[in-house]
Amino acid sequence: MPLDSTNFPLVWMSYDEGPDHDHDEDFEAFEANLKRGAPFVLLTDSAPTEDHEHSQEEKKRTSLWMKKHKAELRTLVLAMIVIEPSAAKRLTFKAFGVAFAKFWGYPMRLASSREEAMEIAGKLLSERAGSATA
């Protein structure tokens, strides 16, 4: 899940994993965004799926990493917005989103286009900024 933080507080994430994919880089990039201490939104157009198989080692590592960063994930990651043009696929992701939110500690939102995703992200970030100043 490579992260691109060039648009911070919008972080682009990809779930396209090739055979030479480096999970160490993924965790390091995610931690770098968390260390900034400011809320951000994850955006992706390559959504995670329930049927993607992880090795037992990957599952254990992810679980330990999440436990270590649980509080930060819940407070700093406002949502992951999945960009999916297909209404049928968005409906499928909606059911997966419940399990996703329980697992990661932040919600999955769905958008039909990049423009809609940016609108959702902007709203989430402005709501957080508004509640921080109130």
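All of these numbers come straight from a predicted model, not from anything done at the bench. No hydrogens, no waters, no symmetry mates; every other heavy atom, side chains included, goes into these values.
Note: Met66 CE to Phe27 CZ = 9.5 Å, rounded to the nearest 0.5 Å. Rounding to the nearest 0.5 Å places CG of Leu125 at 9.5 Å from CD of Glu127. With values rounded to the nearest 0.5 angstrom, Glu119 atom CD is found 12.0 Å from Leu124 atom CG. In this structure, CD in Glu57 is found 10.0 Å from OG1 in Thr62, a value given to the nearest 0.5 Å. Atoms NZ and OG, on Lys68 and Ser63 in that order, are 13.5 Å from each other to the nearest 0.5 Å. Here the CZ atom belonging to Arg128 is positioned 11.0 Å from the CZ atom belonging to Phe40, to the nearest 0.5 angstrom.
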Distance-only criterion, 3.5 Å: show the donor-acceptor pairs between side-chain atoms of residues 86-95 and protein atoms not counting sequence neighbours.
residue: Ser86; atom: OG; partner: Ala88; partner atom: N; Å: 3.4
residue: Ser86; atom: OG; partner: Lys89; partner atom: N; Å: 3.2
residue: Arg90; atom: NH1; partner: Glu84; partner atom: O; Å: 2.8
residue: Arg90; atom: NH1; partner: Pro85; partner atom: O; Å: 3.0
residue: Thr92; atom: OG1; partner: Ala88; partner atom: O; Å: 3.2

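Linking Ile, Leu, Val, Met, Phe, Trp and Tyr residues whenever their side-chain heavy atoms come within less than 4.5 Å leaves Tyr106 and Val98 in two separate clusters.
Of all heavy-atom pairs spanning Ala117 and Ile83, the tightest one is CB-CG1, 3.6 Å. Across Leu78 and Val41, no two heavy atoms sit closer than the pair CB-CG2, 4.1 Å.
Using a 4.5 Å heavy-atom threshold, the side chains of Arg74 and Trp104 count as separate. Contact of the Leu42 side chain with the Val77 side chain is registered, since non-hydrogen atoms from C-beta on lie closer than 4.5 Å.
For the side-chain contact (heavy atoms from CB on, under 4.5 Å) test with Ile81, the passing option among Leu110, Asp45, Ile120 is Ile120; the others fail.
Between Phe30 and Trp65, the angle of the ring planes lies from 30° to 60°, which puts this pair in the tilted group.
Under the side chain to side chain donor-acceptor pair (under 3.5 Å) criterion, Glu72 pairs with His69, not counting sequence neighbours.
In this structure, the side chain of Ser126 engages the main chain of Gly122 through a donor-acceptor pair within 3.5 Å.
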